[in-house]
Amino acid sequence: MDIILCGAAGRMGRQVRALVEKIDDMRIAAAVDKAQCDEMPMYSSISQVKEKADVILDFSHHSAIGEIVDFALSHRLPLVVATTGHRKEERECIFQAARTIPVLFASNFSLGFFVACEFAARLARVFPCADVEIVETHRFGKADVPSGSALTIAKAVSMARGGGDILVGRRQSDKREKGQISINSLRLGHSLGAHEIIFDDGNESVSVKHVAHSRELYACGAERAMRFIVSQKAGLYGVKDMV
């Protein structure tokens, strides 16, 4: 499988490259990143890529999704979007592309995280009136707040409960309203991602927690995603479809 890797010089891009080097039936056909490095040649834009490929993996920045989608559509290539923080119009760009090509779009490629999210949805149905707090921790330099993974959990809980406003952070004077799903974001040290979902109905509390210990976890998930998406027809897919 030949891969066009966007964001090849970033933390996850380097992790994906290291993983692919160990896999016999995969190779990086073209690397794309605005930040160049000495380890391998890179294009600064995907529009410059001439090599043939089977799939595009995007670990770059949400602002690059427009040109990535344009390239994927013009070459009819399956696309795995692993970036987060997309604005409304950028998400719409992804959704529109999925009408023509297969697109796997997920905020987190960890199977353990997916299971934790499923558990949270089940708890939301069991405790429909419980207060819900989501506490997510990532490295100090992570830009988007809250994380895409935390929003994925909050939306899953809201859907399972049949509604509920998602509240991101609170000021000291803000009063908590019943039924809200609250997200609290911590940016500390070198954390690779921790998400805890706490349910409390006043009589008892139950929590689900997922902690990532290495970036290889996400690289392996991206590998599974690419193997899945290349055999799919046009449409929008998530980790649930892959599992």
Side-chain angles (χ1 to χ4, degrees), residues 1-87 90-91 93-94 97-98 101-110 113 138-144 147-149 190-193 212-230 237 239 242:
M1 183 186 300
D2 290 339
I3 305 160
I4 297 174
L5 175 60
C6 299
R11 291 178 177 86
M12 278 309 307
R14 295 195 297 271
Q15 191 70 59
V16 169
R17 283 158 45 200
L19 177 66
V20 170
E21 286 179 0
K22 304 174 186 177
I23 302 173
D24 293 336
D25 64 343
M26 279 189 167
R27 75 180 186 97
I28 306 298
V32 181
D33 204 302
K34 290 183 178 179
Q36 301 297 295
C37 71
D38 298 329
E39 299 169 18
M40 67 183 301
M42 294 186 187
Y43 295 102
S44 59
S45 170
I46 193 172
S47 62
Q48 301 169 337
V49 173
K50 304 300 182 185
E51 289 81 358
K52 292 183 178 181
D54 301 300
V55 65
I56 300 171
L57 174 59
D58 176 27
F59 264 117
S60 59
H61 187 269
H62 67 83
S63 61
I65 194 62
E67 64 176 359
I68 293 172
V69 162
D70 287 345
F71 187 93
L73 288 172
S74 64
H75 292 76
R76 290 296 190 270
L77 286 176
L79 172 62
V80 175
V81 182
T83 50
T84 60
H86 295 94
R87 298 183 175 90
E90 292 166 342
R91 293 176 66 87
C93 176
I94 296 169
I101 58 174
V103 179
L104 200 156
F105 181 31
S107 61
N108 193 309
F109 285 91
S110 159
F113 174 83
H138 283 86
R139 62 184 175 83
F140 181 79
K142 184 173 176 62
D144 53 323
S147 70
S149 298
H190 303 288
S191 173
L192 298 178
H213 296 300
S214 79
R215 287 192 177 89
E216 187 175 1
L217 165 72
Y218 302 123
C220 290
E223 178 203 347
R224 286 190 292 267
M226 288 188 288
R227 292 189 186 279
F228 168 80
I229 202 66
V230 293
Y237 302 87
V239 174
M242 182 174 70

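- When every heavy atom of Met40 is checked against every heavy atom of Ala31, the shortest pair comes out as CE-CB, 3.9 Å.
- Residues Glu67 and Ser45 have side chains that bring a donor and an acceptor to within less than 3.5 angstrom of each other.
- If you take CG on Asn108 and CZ on Phe113, they are separated by 4.5 Å, rounding to the nearest 0.5 Å.
- The shortest heavy-atom contact between Glu51 and Ala30 is OE1-CB, 3.9 Å.
- When all heavy atoms of Val69 and Ala97 are compared, the pair lying nearest together is CG1-CB, 3.6 Å.
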Take Val230 and Met1, measure what side chain to side chain contact (heavy atoms under 4.5 Å, CB included) needs, and give me the verdict at the end. CA-CA 9 Å; Val230 293; Met1 183 186 300; 3.9 Å; yes
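- Side-chain atoms of Arg139 and Leu192, non-hydrogen and from C-beta on, never get closer than 4.5 Å to each other.
- Using a 4.5 Å heavy-atom threshold, the side chains of Glu90 and Ser63 count as touching.
- Taking OG of Ser191 as the reference point, atom NZ of Lys142 lies at 10.0 Å (rounded to 0.5 Å).
- Looking only at side-chain heavy atoms (C-beta outward), Thr84 and Ser149 stay at 4.5 Å or farther from each other.
- Closest approach of Phe71 to Ile4, counting heavy atoms only: CE2-CD1, 3.6 Å.
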For a side chain to side chain contact (heavy atoms under 4.5 Å, CB included) check, start with the C-alpha distance between Val32 and Val49, then their side-chain angles and the critical distance, and finish with the verdict. CA-CA 8 Å; Val32 181; Val49 173; 3.8 Å; yes
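- Pairing each heavy atom of Gly13 with each of Leu5, the nearest pair is O-CD2, 3.7 Å.
- The neighbour count for Glu216 CD, taken as heavy atoms of other residues, nucleotides or ligands under 6.0 Å away, does not exceed 12.
- Here the CD1-NE2 distance, from Ile68 to His61, works out to 11.0 Å after rounding to the nearest 0.5 Å.
- Side-chain contact, Glu223 with Tyr218: no donor N or O sits under 3.5 Å from an acceptor N or O.
- Here the side chains of Ile94 and Ile65 are in contact, with some heavy-atom distance below 4.5 Å.
- From Ile3, atom CD1 reaches atom CG of Leu57 across 7.0 Å, with rounding to the nearest 0.5 Å.
- By the 4.0 Å N-to-carboxylate-O rule, Arg27 lies close enough to Asp2 to be salt-bridged with it.
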For His86 and Phe105, run ring-ring contact (aromatic ring centres under 6.0 Å, His included): C-alpha distance rounded to whole Å, both residues' side-chain angles, the deciding distance at 0.1 Å, then the answer. CA-CA 11 Å; His86 295 94; Phe105 181 31; 5.3 Å; yes
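- Interatomic distance, Asp58 CG to Cys6 SG, rounded to the nearest 0.5 Å: 5.5 Å.
- Asp144 approaches Gly85 most closely through the heavy-atom pair OD2-N, 3.9 Å.
- Between Tyr237 and Val103, the closest side-chain pair of non-hydrogen atoms is not below 4.5 Å.
- Salt-bridge check for Asp54 with Arg227: failed, with every basic side-chain N at 4.0 Å or more from each acidic carboxylate O.
- Taking CZ from Phe228 and CG from Leu104, the interatomic distance works out to 6.0 Å, rounded to the nearest 0.5 Å.
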Would Ile101 and Leu73 satisfy side chain to side chain contact (heavy atoms under 4.5 Å, CB included), going step by step from the backbone distance to the final call? CA-CA 7 Å; Ile101 58 174; Leu73 288 172; 4.1 Å; yes
Does the side chain to side chain contact (heavy atoms under 4.5 Å, CB included) test come out yes or no for Lys34 and Met42, once each step is laid out? CA-CA 8 Å; Lys34 290 183 178 179; Met42 294 186 187; over 6 Å; no
